[in-house]
Asker: 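Sharing a structure with you now.
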Amino acid sequence: MDFEPSAKSAEYLKRVKTFIQDEITPVEADFWAGIRAANNGSDWKRWSVPPMLETLKAKAKAAGLWNLFLPDEKLGAGLSTLDYAPIAEETGRSLLAPTVFNCNAPDSGNMEVLWKYGSDEQKAQWLTPLLNGEIRSAFCMTEPDVASSDATNMRATAVVENDQIILSGKKWWSSGIGDPHTKILIVMAHTPDFSKGPHQQHSMVLVPIDTPGVTITRMLPVFGAYDEPHGHGEVHFKNVRLPLSNFIAGAGRGFEIAQGRLGPGRIHHAMRCIGAAEAALDLMVHRGMKRVAFGKPVMMLDGNRERLAEARMAIDQARLLTLYAAWKIDKVGAKAAMTEISAIKVVAPNVLQRVTDMAIQIHGGAGVSDDTPLPAFFIQGRSIRIADGPDEVHKAVIAKIELEKRGYKKR
Ligand SMILES: Cc1cc2nc3c(=O)[nH]c(=O)nc-3n(C[C@H](O)[C@H](O)[C@H](O)COP(=O)(O)OP(=O)(O)OC[C@H]3O[C@@H](n4cnc5c(N)ncnc54)[C@H](O)[C@@H]3O)c2cc1C
């Protein structure tokens, strides 16, 4: 194992750092304050994206800092998972940077799906504008009426009728669906008369957001925050008619594609969480050293230096585990790295949540205000402990593998 970044990765990292420092950091606080002032909470139909974002995206693209997540040499940066790790971490220090570099969730995962499994027509129609940053997308798997940790519970159906797909059902927590630029949804649904095993009965369907029968019913706040202008929405599908060519890779491939999508996606989330935790730690130290109580900087008061050391140890453990998972994905593939992928999916957001909580405490009242990104980092860590599979589901995966290694099958 060699965690030394390759020359290519180190060079990209240097440029990404400089870009964030020169172009993003100076405007980021104003950007989010502008979003809060211009957008109106739950009223997503009136949400708008500040022109400043398009300007920053154009600059990043011109600088060649674009689609860095995609391992394809021609369409992306051609970086391995391990090479992308420190870059994703760096972008995670900012809430805005992943979008500026066109490396944000859920678009990066959706682009990977289309890149890996899409037909030439699907790529031309949807992947190209996504890669260009012209449109955005959402991924719709979770349903309001069933426990979606177990995806076989899914009730939405994609029925084949002659030469059409008829899509019906409800989804929620579809991230990004409130963004005015979101044009395409990837929807996972049950294709009922597909008489194969439980993991070959579901399909991924491309659904243009303006297809008749698609209705966004509301945006869901996370601890009261709507995450404008992207949002997390509930969407209903009522007899939505689509051509058969809108199946991704054909009917019945849904689980296979979901696994392919969530593997790299989980690594990217973990890397960004570590970057956010580092940013929270920076804020904690600077605030703690500048503010004085009981005759000392707050950072030097009882217990706080110990907290600082705990934060450093937790972040470094999470980073090493994430780098190990990235290295293993590159060496043996995502399937053989399932333990490590599930492990970092649990560890990284928990570390982010813990470190952010410490940083909030050191900030006192300011910690829970919008004056710093700490509340947003806390929401990120807390939410990712549920999104893309709750902690418990990933621990169950790890336990199953450990039992199987020792000859114990599921009982
Ligand atoms: C901010 C945010 C963004 C999201 N974005 C998306 C998105 O873009 N697209 C999308 O499709 N979904 C998205 N989700 C949804 C997320 O993936 C689901 O909420 C998650 O998979 C859990 O499904 P559920 O909510 O139905 O919980 P349930 O299945 O009802 O589970 C509830 C709880 O049961 C417990 N549990 C479940 N399984 C086990 C087990 N094996 N052992 C022990 N306990 C268990 C866990 O504590 C779990 O949290 C998002 C969620 C959030 C919060």
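It should be emphasised that the depicted structure is a prediction, and the values quoted were computed from it without experimental measurement. One-based numbering, in listed order, for ligands and for the atoms of each.
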Asker: For atom 47 (O) of ligand 1, state which one of M141, K395, E392 supplies the nearest heavy atom.
Answerer: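 Shortest heavy-atom distance from atom 47 (O) of ligand 1: E392.
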Asker: Name the closest protein heavy atom to atom 7 (C) of ligand 1, giving the residue it belongs to and the distance to 0.1 Å.
Answerer: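 Answer, as residue, atom name and distance: W173 O, 2.8 Å.
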Asker: So, is E143 polar-close to ligand 1, with some N/O to N/O distance under 3.5 Å?
Answerer: no
Asker: Please determine if D150 has a nitrogen or oxygen closer than 3.5 Å to a nitrogen or oxygen of ligand 1.
Answerer: no
Asker: Heavy atoms only: which of V393, D145, I386, N153 lies closest to atom 20 (C) of ligand 1?
Answerer: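 Of the listed residues, I386 has the closest heavy atom.
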Asker: With a 4.5 Å heavy-atom cut-off, do V100 and T91 have their side chains touching?
Answerer: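 No, their side chains stay 4.5 Å or more apart.
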Asker: Using 0.5 Å steps for rounding, measure from the CZ atom of F69 to the CZ atom of F101.
Answerer: 13.5 Å
Asker: Are the side chains of S9 and P86 in touch, meaning some heavy atoms are under 4.5 Å apart?
Answerer: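 Yes, at least one pair of side-chain atoms sits under 4.5 Å.
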Asker: Do M52 and F31 have side-chain heavy atoms sitting under 4.5 Å apart?
Answerer: yes
Asker: Could you list the atoms of ligand 1 found under 4.0 angstrom from a heavy atom of F139?
Answerer: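 Counting atoms of ligand 1 from 1, those under 4.0 Å from F139 are 7 (C), 8 (O), 9 (N), 10 (C), 11 (O).
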Asker: Just go through P221, A138, S149, P390 and tell me whose heavy atom is the nearest to atom 23 (O) of ligand 1.
Answerer: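 Result: the heavy atom closest to atom 23 (O) of ligand 1 is in S149.
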Asker: Could you tell me if any non-hydrogen atom of G389 lies under 4.0 Å from any atom of ligand 1?
Answerer: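 Distance cut 4.0 Å: G389 passes for ligand 1.
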Asker: Could you check whether any side-chain heavy atom of V351 comes within less than 4.5 Å of a side-chain heavy atom of I315, counting everything from C-beta outward?
Answerer: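 Yes, at least one pair of side-chain atoms sits under 4.5 Å.
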Asker: Answer yes when K183 and E134 have at least one side-chain N-carboxylate O distance shorter than 4.0 Å, and no when they do not.
Answerer: no
Asker: Looking just at side-chain N and O atoms, do N102 and D107 make a donor-acceptor pair shorter than 3.5 Å?
Answerer: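 On atom types as modelled, these side chains do not qualify, holding no pair under 3.5 Å.
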Asker: Does atom 33 (C) of ligand 1 have a protein heavy-atom neighbour under 4.0 Å away?
Answerer: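 Looking at atom 33 (C) of ligand 1, one finds that no protein heavy atom lies closer than 4.0 Å.
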Asker: Can you report which non-hydrogen protein atom sits closest to atom 24 (P) of ligand 1, along with the distance?
Answerer: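 Among all protein heavy atoms, the one nearest atom 24 (P) of ligand 1 is S148 N, 3.9 Å.
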Asker: Taking 4.0 angstrom as the limit and counting only heavy atoms of S383, give me the atoms of ligand 1 inside it, by number and element.
Answerer: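 Result: 1 (C).
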Asker: Do D388 and ligand 1 have an N or O pair less than 3.5 Å apart?
Answerer: yes
Asker: Look up atom CG in L68 and atom NE2 in H268, then write down how far apart they are to the nearest 0.5 Å.
Answerer: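 That separation rounds to 10.5 Å.
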Asker: Below 4.0 Å, non-hydrogen atoms only: which portion of D391 touches ligand 1? Side chain, backbone, both or neither.
Answerer: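 D391 to ligand 1: no contact under 4.0 Å from either part.
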Asker: When rounded to the nearest 0.5 angstrom, what distance separates NE2 in H190 from CG in N153?
Answerer: 11.0 Å
Asker: Any atoms of ligand 1 less than 4.0 Å from a non-hydrogen atom of S175? List them with their elements.
Answerer: 3 (C), 4 (C), 5 (N), 6 (C), 7 (C), 8 (O)
Asker: Examine ligand 1 and decide if any of its atoms is less than 4.0 Å from a heavy atom belonging to V146.
Answerer: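 Distance cut 4.0 Å: V146 passes for ligand 1.
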Asker: For atom 51 (C) of ligand 1, what's the nearest protein heavy-atom neighbour? Residue, atom name and distance, please.
Answerer: A387 CB, 3.8 Å
Asker: Please step through side chain to side chain contact (heavy atoms under 4.5 Å, CB included) for the pair Y117 and R253, ending with a clear verdict.
Answerer: CA-CA 10 Å; Y117 301 95; R253 304 272 306 271; 4.2 Å; yes
Asker: Nearest protein heavy atom to atom 10 (C) of ligand 1, by residue and atom, and its distance?
Answerer: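 Here the nearest protein heavy atom works out to T142 OG1, 3.4 Å.
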Asker: Any atoms of ligand 1 less than 4.0 Å from a non-hydrogen atom of H232? List them with their elements.
Answerer: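 This gives 1 (C), 3 (C) as the contact atoms.
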Asker: Taking CE in M154 as the centre, count heavy atoms belonging to other residues, nucleotides or ligands within less than 6.0 Å. Is the count above 12?
Answerer: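 Result for CE/M154: enclosed.
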